[in-house]
Every structure is written in C-alpha cells, then in structure tokens.
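Residue numbers start from 1 in every chain, and the chains themselves are labelled A, B, ... in the order their sequence lines are given, proteins ahead of strands. Computation of the quantities below employed the complete heavy-atom set of this structure, encompassing side-chain atoms and omitting hydrogens, waters and symmetry-equivalent molecules.
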Amino acid sequence: MIPTARTQPPGTFEILHEDAHTGARTGVLWTAHGPIETPIFMPVGTQATVKAIDPRELHEMNAQIILGNTYHLMLRPGMDIMATCGGLHRFMGWDKPILTDSGGFQVFSLAGLRKIKRDGVSFQSHIDGARFFMGPKESMEVQRILGSDIAMAFDECIPWPCDEAYATNAVHQTLRWARRCLEEPHAEGQLLFGIVQGGEFTELREYCAKELVAMGFDGYAVGGVSVGEPEPALLKGIADGVRHLPWNKPRYVMGLGDLWQMTQAVSLGADMFDCVIPTRNARNGSAFTRSGPYPVKAGEFKSDTRPIEEGCTCPCCSRVSRAYIRHLLNVGEILGVRLLTLHNLHCYLTFMQEMREAINADYFAQWKEEQTRRLRPDGIRARGA
RNA sequence: GGUGGGCUUCCGGAGCGGUCAAACGGGGCAGACUGUAAAUCUGCUGGCUCACGCCUUCUUUGGUUCGAAUCCAAGGCCCACCA
C-alpha cells in the first residue's frame with residue numbers, strides 16, 4: 001500500500017497521486033511512530049482513550065492515527081503522572097501515531113469558563129472549578145510531555161456567528177501564539193501544525209494562512225469550522241483556508257465531520273480529518289452507514305434482524321442484528337455502545353480507504369458523485385437503508 | 001371468620017373539597033449531537049382540535065355539596081395481622 005521502500009524522517013509528506021479533476025490527492029505522512037496514509041480519518045481519543053474502544057480493536061480496524069487532548073490530559077491525570085508513565089503512547093498502550101489538540105478548541109467549547117488574555121487563556125476547570133492558565137508555552141510543554149507525533153499550535157477557535165472585528169482579533173491572537181509555539185521546544189521527532197482561523201471572512205482566512213505559511217510549519221490545519229454554521233458556510237470556510245496552503249504539506253480540517261463533508265473537503269485538497277461524531281453519536285444511539293445515519297434506538301428497529309449496515313464486515317455487523325444492538329442500547333448495556341462505536345468507526349475508516357483507492361485509480365470525481373447520491377439524496381437522509 | 005390497610009392516567013407513586021388531565025420517577029416515542037464539560041441533552045406522552053378551548057378520567061354504584069380523585073354508604077378485588 002505504501003510504496004516508499006524505507007522509513008522516512010518525521011515530517012516527510014509524499015504525495016502519491018493527484019486527481020486530474022479536483023484538488024484531491026493521496027499521500028503518506030511520516031511521523032515518529034510510522035506513516036499514515038492520506039486522506040485519513042483520525043478517531044478522537046480525548047482522555048487517552050477512544051471512548052469504549054480498546055487500542056487492539058483500533059489496530060484491527062486499521063486506524064492509523066488517533067487524537068488526544070492537551071487540556072483534558074493536563075487536568076487528569078496530570079503531567080507528572082504522564083511523565084512518570086512515559087508519555088501518552090506508553091500510557092495508553094498505542095504504538096501508532098497520535099496527534100494532540102492544543103486546547104484551542106476548549107477556548108470555544110468552554111467559553112463560559114475562560115477568559116482570553118494576551119499570553120493565553122485562564123480557564124476554570126470544568127471538573128472542579130480550579131483556575132489555571134494555558135497559553136502557547138503551556139500547551140507546547142504539555143504536548144511535549146505527552147510525546148505526540150503531531151502537536152497543534154495553541155489557537156483561538158471562534159464561535160459562529162462572529163463579527164469581523166472579533167474574528168480579526170482572534171486571527172492576530174492565533175498568529176501571535178503560533179509564532180510562540182514555534183519557538184518552544186518539541187519532543188523528539190514531533191511535528192507542529194499551524195491553524196488557520198478567520199471565521200467566515202475570506203480575506204481573514206487568506207491573511208491568516210499566508211502568515212502561518214511564512215512561519216513554516218510541518219503541516220497546516222483549518223480550524224473554526226463545524227462550530228454550528230450552516231453547511232455552505234462550513235464548506236466556504238474550508239475552501240478559503242485550504243486555498244492558500246502549500247501543496248507539499250499536509251492539510252488538516254479540524255472537527256470534520258460527516259462523510260459527505262469530508263469528500264467535499266478532500267476535493268478541495270484536504271488530507272486529514274477528525275470528528276467525535278462516529279464515537280459520540282454511537283453512544284447516543286445513532287448508526288452511521290454509507291447511506292447516511294439513522295437512529296438504531298428507534299422503535300421501528302425493534303425486531304429488525306438485519307445487521308446495522310448490510311454488507312458491512314465489521315465485528316458488529318458480521319455477528320449481530322439491529323434488534324440486538326437496539327436492545328442493548330435500550331437497557332443500557334455497555335456492549336451496545338461498544339459494538340456501535342466499533343461499527344461507526346469501521347464505517348468511517350473504510351470510507352476513507354475507499355476514497356484513497358478511488359483517487360489512486362483516477363475515478364475520484366465519479367466516486368464522489370456516487371457518494372453524493374447516496375449520502376445526500378435530495379437532502380433526505382436514508383433510514384436504515 | 002375477625003380487625004386494620006389499600007385500589008390514581010402504560011408501570012411505580014404523589015394528591016386528601018375548588019388553583020387537577022392530575023406532582024415526581026420509570027417506561028415509551030421523537031429530536032439534537034461536527035479539533036468530546038456529552039454512554040449526554042431537549043421535547044412529547046387521556047381524546048378531539050393538536051392554538052384558545054372542549055370532552056372523557058382517578059375500583060364500581062349510589063349519595064352529600066354550588067363544586068369530589070379528595071367526604072359518606074354499599075359492592076368488588078388486593079394486602080397484613082389475628083383466628
């Protein structure tokens with residue numbers, strides 16, 4: 001699958017194939033814990049675990065890289081324990097690549113519990129209310145101790161809607177902090193990605209992207225999308241950000257998303273994605289399929305003997321029925337949540353695998369059309385199809 | 001056979017003369033979820049209109065009262081203890 005004969009140094013990004021009709025491309029990004037194939041979906045494992053899933057199972061479903069979170073791990077278990085336990089990989093028993101988010105998203109999601117200052121953000125812990133400070137320096141220090149393969153710059157993720165003055169200010173803040181992150185020491189072989197902000201303002205996105213590129217990061221992310229805006233605005237934000245990023249560096253769209261949105265983003269030239277949706281929504285009872293999501297806990301699946309998704313080869317679908325999963329979810333059995341999470345991740349991962357194959361074999365545009373027909377048939381979501 | 005307690009909307013269970021279609025919990029149903037404060041959260045849950053409103057309900061029957069799920073009488077069933 002990966003054509004390179006020998007191991008490449010961390011940060012090497014080999015572009016394998018470019019689509020003739022869109023911005024899509026396949027590639028391999030090398031990290032200190034091995035290569036990842038792009039376009040890729042990265043399961044989210046905020047608190048040193050992809051919720052409900054064992055790393056062994058992640059291996060089995062061919063997950064190549066997962067996320068961890070600076071903010072959460074700093075609070076619990078804390079960096080002294082992380083250091084004693086030898087970093088995040090050793091701690092959680094996962095030896096493939098890890099990307100850590102910087103805590104920038106918590107500036108957005110914990111808006112009621114923090115105050116933004118010039119050098120960083122003073123947070124009040126969502127756990128016990130304890131006050132602490134996190135800025136670019138602190139975030140990088142934590143990410144260094146965690147020993148992630150890819151660290152993210154500490155940024156200010158803004159909400160939607162957001163006025164231009166506020167967004168401009170957040171971009172300046174993000175750039176100032178990005179510069180600071182670059183100056184901080186990294187872990188051995190650790191890559192650092194900068195994050196493009198700018199909200200819905202095209203010129204701001206452009207400015208932010210160009211400034212970051214001038215600083216020289218190992219990769220670039222588009223942040224501040226999928227924060228509640230309507231889909232067209234989301235896609236525009238991605239396009240505005242990706243457009244100005246260097247061709248030869250990986251491009252990561254943060255927080256995406258939905259299968260269809262990812263195909264659109266890849267088409268615009270994006271390479272990496274992460275999203276809590278397949279895992280969180282599994283816990284909340286919805287199944288993702290190649291024909292869209294549906295609520296397995298709905299009464300209509302009470303005695304449905306079909307698997308969650310027909311034709312799926314995941315450990316859930318190859319053994320049990322919708323009726324069984326619905327029953328487990330209904331009575332609150334932990335296995336229900338586990339099996340459905342397994343399925344949803346499998347669905348996302350195989351979707352990306354197929355997408356890479358389509359790009360490599362030069363039929364991405366056609367494949368994308370097919371997916372659109374299945375995932376967005378007149379805007380109506382399929383229900384257990 | 002005796003004495004006492006009880007029967008409330010799918011279930012459990014408040015209510016003890018009007019402010020009661022009836023608290024609350026469960027269950028059921030529906031919806032939400034996009035760098036995880038989320039195995040979470042929201043709404044609905046007698047009928048008709050689904051707004052206002054109207055209609056039929058709180059074991060049964062009869063009664064007291066301007067007015068009863070709430071008071072009285074009798075019947076039915078259940079529970080406890082004593083025989």
> side chain to side chain donor-acceptor pair (under 3.5 Å) with A:Gln64: which of A:Glu37, A:His33, A:His59?
Replying inline: A:Glu37
> When rounded to the nearest Å, what value does the distance between P atoms of B:G15 and B:G43 take?
Replying inline: 26 Å
> When all nucleic acid strands are considered with a 4.0 Å heavy-atom cut-off, which category describes A:Asp274: base, sugar-phosphate, or nothing?
Replying inline: sugar-phosphate
>> Taking only side-chain N and O atoms of A:Arg280, does any of them lie within less than 4.0 angstrom of OP1 or OP2 on B:U34?
In response: yes
> On RNA chain B, nearest-nucleotide positions of A:Gly224 versus A:Ile334: which is more 5'?
Replying inline: A:Gly224
>> OP1 or OP2 of B:U34 versus the side-chain N and O atoms of A:Asn281: is any pair under 4.0 Å?
In response: no
>> If I pick the P atom on B:G18 and the same atom on B:C71, what distance separates them, to the nearest angstrom?
In response: 11 Å
> Any donor-acceptor pair under 3.5 Å between the side chain of A:Thr279 and the base of B:U36?
Replying inline: yes
> Is the shortest side-chain N/O distance from A:Asn284 to OP1 or OP2 of B:U36 below 4.0 Å?
Replying inline: no
>> Set out, in order, the CA-CA distance, both residues' side-chain angles and the distance that settles ring-ring contact (aromatic ring centres under 6.0 Å, His included) for A:Phe41 and A:Tyr348, then state yes or no.
In response: CA-CA 7 Å; A:Phe41 176 77; A:Tyr348 266 60; 4.8 Å; yes
> Quick one: does A:Gln47 reach the base of B:U36 with a side-chain donor-acceptor pair under 3.5 Å?
Replying inline: no
> Using a cut-off of 4.0 Å on non-hydrogen atoms, how would the nucleic acid contact of A:Ser286 be classed: base, sugar-phosphate, or nothing?
Replying inline: base
> Under 3.5 Å, is there an N or O donor on one side and an acceptor on the other linking the side chain of A:Asn69 and the base of B:G35?
Replying inline: no
> Considering Watson-Crick and G-U wobble pairs with both distances under 3.5 Å, what does B:G67 pair with?
Replying inline: none
> Within the structure shown, what part of the strands sits under 4.0 Å from A:Gln197 by heavy-atom distance: base, sugar-phosphate, or nothing?
Replying inline: base
> Quick one: which of B:G31, B:U36, B:G35 gets closest to the side chain of A:Gln106?
Replying inline: B:U36
>> Using a 6.0 Å cut-off, check whether atom NZ of A:Lys137 has over 12 heavy atoms from anything other than its own residue.
In response: no
> How close or far is atom P of B:G28 from atom CZ of A:Arg326, stated in whole angstroms?
Replying inline: 7 Å
>> If you compare every side-chain N and O of A:Gln261 against the phosphate oxygens of B:U34 (OP1, OP2), does one of them come in below 4.0 Å?
In response: no
> Are A:Arg306 and A:Asp304 within salt-bridge range, i.e. N to O under 4.0 Å?
Replying inline: yes
>> Under 3.5 Å for both donor-acceptor distances, Watson-Crick or wobble: does B:A74 have a partner, and if so which one?
In response: B:U60
> Mind checking the C1' distance from B:U49 to B:U42? Whole angstroms is fine.
Replying inline: 26 Å
> Now, which nucleotide makes the Watson-Crick or G-U wobble pair with B:C10, with each of the two distances under 3.5 Å?
Replying inline: B:G26
> B:C48 and B:A38: how far apart are their P atoms, nearest whole angstrom?
Replying inline: 41 Å
>> Test: ring-ring contact (aromatic ring centres under 6.0 Å, His included). Region: residues 190-211 of chain A. Which pairs qualify, not counting sequence neighbours?
In response: A:His172-A:Tyr207
> With both distances under 3.5 angstrom, what nucleotide forms a Watson-Crick or G-U wobble pair with B:U3?
Replying inline: B:A80
> For the rings on A:Tyr71 and A:His126, is their centre-to-centre separation under 6.0 Å?
Replying inline: yes
> When the C1' atoms of B:C79 and B:U70 are considered, how many whole Å apart are they?
Replying inline: 23 Å
>> Please report the distance, rounded to the nearest Å, between CD in A:Glu156 and C1' in B:G35.
In response: 15 Å
>> What's A:Gly257 touching, base or sugar-phosphate or nothing? Going by heavy atoms closer than 4.0 Å.
In response: base
>> Can you tell me which nucleotide in B:G28, B:U34, B:G35 comes closest to the side chain of A:Leu234?
In response: B:U34
> When rounded to the nearest Å, what value does the distance between P atoms of B:C20 and B:G31 take?
Replying inline: 33 Å
> Under a 4.5 Å cut-off applied to non-hydrogen side-chain atoms, are A:Ile195 and A:Met254 in contact?
Replying inline: yes
>> If I pick the P atom on B:G46 and the same atom on B:C11, what distance separates them, to the nearest angstrom?
In response: 13 Å
>> Please determine whether a side-chain nitrogen or oxygen atom of A:Arg283 lies at a distance below 4.0 Å from atom OP1 or OP2 of B:C41.
In response: no
> Which whole number of Å gives the distance between the C1' atom of B:U9 and that of B:G28?
Replying inline: 15 Å
> Are any of the side-chain nitrogens in A:Arg179 or A:Glu183 under 4.0 Å away from the carboxylate oxygens of its partner?
Replying inline: no
Output a table of nitrogen or oxygen pairs between the protein and nucleotides 43-45 of chain B separated by less than 3.5 Å.
none

> Does B:U40 have a Watson-Crick or wobble partner in any strand here, with both distances under 3.5 angstrom, and which is it?
Replying inline: B:A32
> Taking a pair as Watson-Crick or G-U wobble with both distances under 3.5 Å, which nucleotide is matched to B:C54?
Replying inline: B:G47
>> Check for me whether the distance between the ring centres of A:Trp260 and A:Phe288 falls short of 6.0 Å.
In response: no
>> Please confirm whether the shortest side-chain N or O distance from A:Thr46 to OP1 or OP2 of B:U36 is below 4.0 Å.
In response: yes
> Is the A:Phe105 ring parallel, tilted or perpendicular to the A:Phe108 ring (thresholds 30°, 60°)?
Replying inline: tilted
